[in-house]
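Working notes for the structure below.
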Amino acid sequence: MTTERAVAEAEVAKEQAYVSMLYDRLDEVRADAAERRRSVERKAGNTPQAAVERDAFNALHAQRLAALDAAARGLCFGRLDLTDGPTRYVGRVGLQHRDGAIEEPLLLDWRAPAAQPFYLATAVEPAGVGRRRRIATSGRTVTSVSDEIFDADAASRWTGELVGEAALLSALSAARTGRMGDVVETIQAEQDRIIRAERQGVLVVAGGPGTGKTAVALHRAAYLLYAHRDVLARRVVLVIGPSPTFCDYIGQVLPSLGETDVLLRSIGGLIPDLEPNLTETPEVAELKGRLVMAEVVAAALRARQEPPADGLRVRHAGYELRVDARACRRIADSARRSGRLHNEARPNVQRRLVDAFAKHYVAQVGGDPRGGRNLLDEHDQADLRSELADEPAILAAVESVWPWLTPEDLIGGLFADPDRIAAAAPMLTDAERALLVRRRGLGWSDADVPLLDEAAELLGNLPDHAAEARARALEAERRELEEYAEGVLAIAQGSRSTDIEDEADSDEAAEVLSVFDVVSGRGLAGRMEEIDDRTPVERAAADRTWVYGHVIVDEAQELTAMAWRALMRRIPTRSMTIVGDLFQSSSPGGALSWGDVLGPYVRDGNWRVAELTVNYRAPSEVMAIAGRVLAEIDPDATPPRSVRTVGELPWKEAVDPADLGTRLRKAVDAALAGGDGNVAVLVAAGAEAEAWAALEDVEGLATVGPHGPDLRARVVVLTVGQSKGLEFDTVIVVEPAAIVEASARGRSDLYVALTRATTHLGVLHTRDLPASLAAPDGWA
């Protein structure tokens with residue numbers, strides 16, 4: 001055995017001893033947390049407050065257990081030997097000594113300030129670190145260690161930016177699983193600075209494909225929850241992704257970091273219990289995303305508040321009752337001026353209209369033919385008014401002036417009626433108004449959700465008669481339980497031991513307590529009261545009006561102006577992390593500049609941009625091809641620099657249209673035979689069915705669920721829009737010309753498609769390639 005190998009094995013053995021000790025300590029902490037949870041669960045919760053406290057502590061211990069379970073995978077991954085200080089071990093969670101001694105922790109949480117040098121230290125700026133050791137593990141076994149010795153005279157390969165190259169490249173070269181993993185072991189210096197940036201204000205994280213924007217955003221969420229848990233765990237962090245498929249793809253990252261106080265949603269998921277099921281054409285999506293649609297929604301609501309031009313007439317008990325147009329308008333105008341939301345103003349409108357009808361009714365029923373005073377006294381008049389209050393004809397008349405409305409009623413009614421669209425949207429062209437026409441009952445699209453949200457802001461909630469009925473029933477049940485409990489206590493008091501009565505004056509008897517001495521009937525009944533034991537995340541998911549502690553927006557360049565408007569009302573503090581790349585924007589209504597997006601909502605100087613410049617996903621061979629497309633989008637743009645090569649050039653092949661399906665099948669089979677990675681076939685919108693059909697009997701082909709294909713499968717077919725933010729070992733792009741033609745920003749879509757590959761890239765085409773891909777150099 002060589003001396004070098006013996007030293008390496010000795011170092012591994014040394015670290016194994018320490019890592020084993022850490023796992024022993026982790027097991028102790030987990031056992032203690034589990035016992036605490038069992039102890040809390042055993043508590044009766046005899047009062048509503050006690051029950052709430054019990055459930056709160058139970059949730060706290062459950063969350064702690066989840067964090068500890070997540071930390072068990074790769075518990076410790078690094079060590080810092082400081083030049084003037086102690087040795088520190090860095091891992092997924094912090095561990096203290098068993099006796100709670102105030103000394104260097106056994107293990108630093110990667111988010112702790114003391115752990116930051118692990119990510120920032122370079123040969124140029126060592127940050128007080130003499131040696132950084134990376135510890136690789138499999139389960140609880142240390143498999144290898146690698147050291148970086150810092151010398152002030154040395155130069156870093158990446159001018160101080162790229163560290164831990166071996167560990168990083170190993171992670172990047174691993175086969176994809178269809179689920180995004182955390183990168184806590186390989187966070188780079190430029191990423192770490194963004195992750196730990198100040199929470200307040202808006203931070204825009206800009207960077208090209210593969211620069212780790214999504215990973216940075218998610219690790220930033222974990223860091224902010226660590227640094228500001230008192231606020232953010234209560235208010236919840238909202239992460240917005242471009243699609244439900246994407247949210248599913250990243251769904252395991254934060255739990256793997258031990259964080260669960262985060263809600264993942266796409267824009268289409270912002271309204272509880274609404275699942276968009278329609279796909280709009282790009283033209284319609286762009287139109288619905290314009291800010292002017294807020295004016296259209298407001299105008300549509302005003303039109304529903306217009307009283308009939310000739311006033312109101314109803315027949316009741318043989319009388320014709322009237323409220324003239326002037327009085328109707330006065331009532332409607334007063335409701336608008338009140339500042340109340342539409343549905344909140346409705347009871348007052350109803351009351352005033354009923355009063356007006358009742359006045360006319362009283363005048364007819366009790367009027368003196370000779371012109372004297374009305375013959376009905378106050379009680380009689382009140383009875384007539386009560387008679388009208390629930391009269392269907394009267395309520396129908398009120399509805400014609402000021403109807404109860406849901407967002408679905410308002411927007412659905414608008415789109416179903418060309419006349420209503422024309423009245424609400426005079427600023428649009430005839431062709432644009434025609435794009436909005438859609439019959440009721442077809443469902444909703446993602447583009448509709450911000451419009452529904454806008455309507456909800458103007459309407460307010462409908463009265464929840466079912467909830468009111470439940471509340472009345474619960475109150476009646478509570479009173480019944482209270483009376484029953486008082487009876488039980490009375491019986492208990494009447495049947496208590498006569499020995500105690502005989503000794504009532506003794507000191508010993510004074511120390512004997514009975515049930516009726518320590519609890520009242522109300523206390524006993526209170527044990528039955530219903531409590532909201534949902535977590536903050538569960539409550540936020542069910543509440544459209546929830547105000548979040550921090551909002552992270554991924555693929556932010558895709559959001560329309562109306563989507564931003566809906567999002568901003570959920571974060572009035574503007575504590576946000578916005579992640580995106582303007583060059584990848586393919587949405588017709590997407591962002592052209594961050595200033596345009598943020599200008600209406602954020603004060604000057606309260607937002608800043610942080611750039612990511614290193615491409616960790618696409619190898620240099622792939623970026624050489626993709627960079628040509630980027631140059632067509634913007635000749636001044638600089639693609640992110642790739643950190644690795646794979647020694648394999650992308651390939652392209654022209655095929656006869658009749659042979660496209662067969663050739664696609666062969667290309668997928670070849671990719672599957674070449675390794676364990678996954679394969680994505682990317683096509684233009686509308687071409688998915690043909691690709692799925694060509695691959696229908698391929699082993700490992702994804703199944704398609706309500707939110708899209710299962711990304712854990714080895715083979716998946718996606719449109720470019722569905723592939724946003726995702727990565728695959730092998731990518732086969734089908735018909736680039738069709739991708740370019742599919743939208744107004746088709747070159748951006750093509751750029752996105754080409755940069756999804758981590759290893760292999762292929763292109764199949766039956767038509768001429770775009771000029772940027774036609775040149776022969778750079779292809780196999």
Side-chain angles (χ1 to χ4, degrees), residues 173 175-178 209 617-619 621-626 628-629 645-704 708-723 726-740 742 749-770 772-780:
S173 301
R176 269 51 194 171
T177 64
R617 178 200 299 142
E621 295 91 341
V622 169
M623 284 309 298
I625 300 297
R628 300 177 196 169
V629 179
T645 62
V646 291
E648 178 182 330
L649 294 175
W651 57 265
K652 62 178 179 177
E653 182 179 345
V655 298
D656 187 276
D659 298 330
L660 180 59
T662 301
R663 184 63 190 92
L664 175 60
R665 169 62 191 268
K666 289 180 179 178
V668 170
D669 286 341
L672 293 174
D676 296 329
N678 57 9
V679 181
V681 175
L682 304 186
V683 299
E688 311 97 299
E690 185 178 349
W692 283 111
L695 303 174
E696 61 181 352
D697 58 346
V698 168
E699 186 175 353
L701 185 64
T703 57
V704 180
D710 181 359
L711 298 179
R712 292 168 295 186
R714 289 201 65 192
V715 181
V716 63
V717 175
L718 298 169
T719 65
V720 180
Q722 291 174 316
S723 74
L726 310 182
E727 58 183 39
F728 305 91
D729 296 285
T730 297
V731 169
I732 301 171
V733 179
V734 179
E735 211 66 272
I739 291 173
V740 171
D749 276 346
L750 182 57
Y751 182 53
V752 170
L754 296 171
T755 55
R756 300 305 95 193
T758 65
T759 306
H760 312 288
L761 172 66
V763 172
L764 288 172
H765 61 103
T766 65
R767 300 164 54 187
D768 290 341
L769 288 172
S772 55
L773 302 186
D777 56 306
W779 297 99

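What you see below is based on every heavy atom in this structure, not just the backbone, and it leaves out hydrogens, waters and symmetry mates. Computed from a predicted structure; not experimentally measured.
Of the listed residues (Val716, Val715, Val679), just one forms a side chain to side chain contact (heavy atoms under 4.5 Å, CB included) with Phe728, and that residue is Val716.
Closest non-hydrogen pair, Asp710 versus Ala702, comes out as O-CB, 3.4 Å. Heavy-atom minimum distance, Ala684 versus Ala742: CB-CB, 4.4 Å. Between Thr758 and Val646, the shortest heavy-atom contact is O-CG1, 4.4 Å. Closest approach of Ile625 and Pro650 over heavy atoms only: CG1-CG, 3.9 Å.
A donor-acceptor pair under 3.5 Å is absent between the side-chain atoms of Arg714 and the main chain of Leu701, judged by distance alone. A side-chain donor-acceptor contact under 3.5 Å links Asn678 to the backbone of Asp729. Side chain of Glu690 to backbone of Ala687: no donor-acceptor contact under 3.5 angstrom is found. Here the side chain of Glu688 pairs a donor or acceptor atom with the backbone of Gly686 at under 3.5 angstrom. In this structure a side-chain-to-backbone donor-acceptor pair under 3.5 Å is missing from Glu621 to Gly778. For Arg617 (side chain) and Pro209 (main-chain N/O), no donor-acceptor pair under 3.5 Å exists by modelled atom type. Side-chain atoms of Thr719 come within 3.5 Å of backbone N or O of Gln722 as a donor-acceptor pair.
Considering only heavy atoms from C-beta on, Arg628 comes within 4.5 Å of Asp777 through its side chain. Taking the side chain as every heavy atom from C-beta outward, Leu773 and Trp779 approach each other to under 4.5 Å. Between Val698 and Arg665, some side-chain heavy-atom pair lies under the 4.5 Å cut-off. Side-chain contact between Pro770 and Val629 is absent, with no heavy-atom pair separated by less than 4.5 Å. No side-chain heavy atom of Val731 sits less than 4.5 Å from a side-chain heavy atom of Val622. Within the 4.5 Å cutoff, side-chain heavy atoms of Leu718 are placed close to those of Pro709.
A distance of 10.0 Å separates CG in Asp669 from CD in Glu699, rounded to the nearest 0.5 Å. With values rounded to the nearest 0.5 angstrom, Leu695 atom CG is found 4.5 Å from Leu664 atom CG. Rounding to the nearest 0.5 angstrom, the gap separating the CZ atom in Arg756 from the CG atom in Leu761 is 11.5 Å. Note: Ile739 CD1 to Leu754 CG = 7.5 Å, rounded to the nearest 0.5 Å.
Checked against side-chain hydrogen bond (donor to acceptor under 3.5 Å, both in side chains), Arg767 has the following partners two or more places apart in sequence or in another chain: Glu741.
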Could you please spell out the steps behind the side chain to side chain donor-acceptor pair (under 3.5 Å) verdict for Glu735 and Thr766? CA-CA 7 Å; Glu735 211 66 272; Thr766 65; 2.4 Å; yes
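The stretch residues 649-663 participates, sequence neighbours left out, in these salt bridge (Lys or Arg N to Asp or Glu O under 4.0 Å) pairs: Glu653-Arg663.
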